[in-house]
Protein chains: 2
Amino acid sequence: MGVVLPVKTRRARVGSQAIAVDRIIRDDCVAAMRALPDACVDMIFADPPYNLQLGGDLFRPEGGRVDAVTDDWDRFDTFAAYDRFTREWLAEARRILKPDGTLWVIGSYHNIFRVGSALQDEGFWILNDIVWRKANPMPNFKGTRFTNAHETLIWASRGEGSRYTFNYQAMKALNDELQMRSDWVLPICGGPERLKINGTKAHPTQKPEALLYRILLATTKPGDVVLDPFFGTGTTGAVARRLGRHWIGIERESKYVAVAEERIAASLPLDESAMTVMASKRTQPRVAFGALVESGALAPGAILCDARRRWTAIVRADGSLAAGTETGSIHKVGATLQGAPSCNGWTFWHVERAGALVAIDVLRQDYLLQHGDG
Amino acid sequence: MGVVLPVKTRRARVGSQAIAVDRIIRDDCVAAMRALPDACVDMIFADPPYNLQLGGDLFRPEGGRVDAVTDDWDRFDTFAAYDRFTREWLAEARRILKPDGTLWVIGSYHNIFRVGSALQDEGFWILNDIVWRKANPMPNFKGTRFTNAHETLIWASRGEGSRYTFNYQAMKALNDELQMRSDWVLPICGGPERLKINGTKAHPTQKPEALLYRILLATTKPGDVVLDPFFGTGTTGAVARRLGRHWIGIERESKYVAVAEERIAASLPLDESAMTVMASKRTQPRVAFGALVESGALAPGAILCDARRRWTAIVRADGSLAAGTETGSIHKVGATLQGAPSCNGWTFWHVERAGALVAIDVLRQDYLLQHGDG
DNA sequence: GTATGTTGTGAATCATGGG
DNA sequence: CCCCATGATTCACAACATA
């Protein structure tokens, strides 16, 4: 029970203690999670089974039912069993997740509604549901339904108020400067990426690395600890290593563990420069407007106006603005003049430089570069 | 209670009896369904409240306020209350559905997992989940999540063994002779189709007719009876009439009933030319540069240069470029380096392949061929 | 009339840190 | 817990206005 394999394991600090990371735990997922301390991982990616291996088939292929139990009884029993299993691992997942951590689960219509309800009941707060639109799905051979061409992911924070990680600018950069949407077009895992043993696929549901790449890039930071309780062939670990995230994989079947170990050992970490992503302005150091006045970048008495020259204001010595009787911060005066609930003064106000209007945000960037607080 | 409006109602045979069709029942949906006999409708399309649980006001970057769905009919105190409501209407829906009938429900991540679990528990058998990918969704104004760009539909038969209607060839014809997939790209309801009263939208959540058109064409036969227990402004009725299906709408609010009546009376049966217009216009495949990075076609850290090797840049993990202190999209960095107002990064940037420079546009073409965005 | 620019809006669980 | 100041943030269309 609970065999910890001796991979090049490291330790990551979690509060006062440290947990071993970058390793595979060969065990049942609930048992393995029980051995982990509270609030020790930043993100969990879970690709749970669609049917339980324990108590017979949950989701039968069309016409596959053979036993004589009445429909109602059978159905209630099997859904209930799946729900129990789901609630059990979700509860453990929530316990070991840090307060501001998030959970990803992937599934299909067979199980995703059970999982979604269960995680809401456990207290998780859904942030998005994401549709993985498969570029090359398997056709519906019988022509009896719509081609099942997508899978669903749920992204949820530990609770309603938590302050989760979302690398907005990185996602925007990845999507040609447009906001990343909730529908992702990605090919299924095939070609050389698909792991094989003696010519047959090593795992029936290996996920493409591109999917995990986007997930990790969007919702974790370098150095974060990512847990995958249904590790399989270790896609999560391979991508985490490449992106400089720590990972823990839990997998019950030793043949998958072996495949995953070999795979991850062969994956190469990216170097620092390549891993860098577009930073959000929210994470940049703050510059007080007054600092621009103090440093001489903007003189007291200078005239500011908005991009269309509808309003003007005068810079005062203490870094406040005056526009008529209205005085206050660059944000407050901008908001008041427009009658808007709020205003980002940095992008609203401009100053004339060489005949053209320049947003004072540009002066702020210059200031940041000169006073080099990177 | 339960006022039946005297529209040009007809009667449809249901076994030995006949029920009044092509009419709106102004009543609570559960009460109205209770008054209908067992197994009397062929299909049910339901657009129940989503239980959005919105916080305070949300303002757009330019200062406008988002007109949110804050109506009483969308407010439930707890998930348990929403579940009770859901199970109640689903149970009645299943009773009045013919044995080979099917149910459609539309929802978002706020409610669809509750609905999906509940209908499985009630005995419905899920045939597909369908993703409506909105061509023009509302952005995420605060940059806090992925743009919520889709809604989910569930299509289910009354039970596991039922012989439901699926017009496979009609769907294939509608999709340029390719199998219709489980993800549908359709614009949201706007323009002249969006019903207004004194210039403001008549209903906050009016669905596009194209959505109902595809649903009715796929899963009903001419002459079938379609029930919509949350009728709203009557999109289901209008499309059913155009396609020669009978319909029954249930709607509690008389202002919506009035709008729907007028609308359906004005709707015309469909002629052939209109059908060809509805046929899918394939969306242009658009490849983000980031997709090449994600897919591994170009590794983070790769060096790009222009055709004459005057400038170089490094590819970062999120698909942005870095050249010295300059960072941004392939287009922006290309433009900045050249001092040009704009630049097509696809043709400007090159990568070395077998000793020769290849424009990254070539990689894009390869990507399209391999992943054939259909 | 044509081209261009401005404004409005859609089922939305939409901020963060310091005092 | 609340309150306040700072300041980050939008895509595709349709409708209408201006040139």
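First the proteins, then the strands, lettered A, B, ... as listed; each starts at 1. Every value quoted in this text rests on a predicted model; they were computed, and no experiment measured them.
- As rounded to the nearest Å, C/dT7 and D/dT10 have C1' atoms that lie 14 Å from one another.
- With ring centers used as reference points, B/Trp73 lies 6.0 Å or more from B/Phe230.
- Remark on DNA chain C: of its neighbouring residues A/Gln120 and A/Arg286, the 5'-side contact belongs to A/Gln120, judged by nearest-heavy-atom nucleotide.
- In summary, B/Lys207 and B/Glu193 do not engage in a salt bridge, as defined by a charged side-chain N under 4.0 Å from a carboxylate O.
- Remark: A/Arg364 qualifies as a cation-pi partner of A/Trp346 under the 6.0 Å distance and 45° angle criteria applied to the six-membered ring.
- For the pair A/Leu178 CG and D/dC11 P, the computed distance is 6 Å after rounding to whole Å.
- Looking at heavy-atom distances under 4.0 Å, B/Gly191 makes contact with sugar-phosphate atoms alone, never a base.
- Cation-pi contact between A/Arg181 and B/Phe146: absent, since separation from the ring centre below 6.0 Å together with deviation from the ring axis within 45° is not met.
- A gap of 16 Å separates the P atoms of D/dC1 and C/dT16, to the nearest Å.
- Across all strands shown, A/Arg282 has heavy atoms under 4.0 Å from sugar-phosphate atoms exclusively, and none from any base.
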Q) Can you give the dot-bracket line for DNA chain C, using ( ) for pairs inside the strand, [ ] for pairs that cross earlier ones, | for pairs with another strand and . for unpaired bases, where Watson-Crick and G-U count if both distances are under 3.5 Å? A) .|||||||||....|||||

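- For the segment residues 51-69 of chain B, residues with any heavy atom less than 4.0 angstrom from an atom of DNA chain D are, sorted by number, B/Pro61, B/Glu62.
- Across the C1' atoms, C/dT13 and D/dC4 are found 25 Å apart, a figure rounded to whole Å.
- Taking atom C1' in both D/dT18 and C/dG1, the straight-line distance is 14 Å, to the nearest Å.
- Toward the 5′ end of DNA chain C lies the nearest nucleotide of B/Trp73, the other residue of the pair B/Trp73 and A/Ser162 mapping further downstream.
- Ranked by how close their nearest DNA chain D nucleotide is to the 5' end, A/Ser329 and B/Ala135 are led by A/Ser329.
- The distance between atom CD of B/Glu193 and atom C1' of D/dA14, rounded to the nearest whole Å, is 13 Å.
- Looking only at distances, a side-chain donor or acceptor of A/Asn167 sits under 3.5 Å from a matching main-chain atom of A/Leu217.
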Q: Give the C-alpha distance, both sets of side-chain angles, the deciding distance and a yes or no for side chain to side chain donor-acceptor pair (under 3.5 Å) between B/His150 and A/Asp129.
A: CA-CA 9 Å; B/His150 74 275; A/Asp129 60 335; 3.0 Å; yes

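- Checked against a 6.0 Å centroid threshold, the rings of B/Phe76 and B/Phe85 count as neighbours.
- Comparing C/dC14 with D/dA12, their P atoms sit 23 Å apart, to the nearest whole Å.
- Taking atom C1' in both C/dA11 and D/dA8, the straight-line distance is 25 Å, to the nearest Å.
- Applying ring pair (Phe, Tyr, Trp, His ring centres under 6.0 Å) to A/Trp155 and the options A/Phe166, A/Phe124, A/Trp184, A/Trp125 leaves one that passes, A/Phe166.
- Heavy-atom contacts of chain B under 4.0 Å fall on DNA chain C between two terminal nucleotides, which in 5' to 3' order are C/dT9 to C/dA15.
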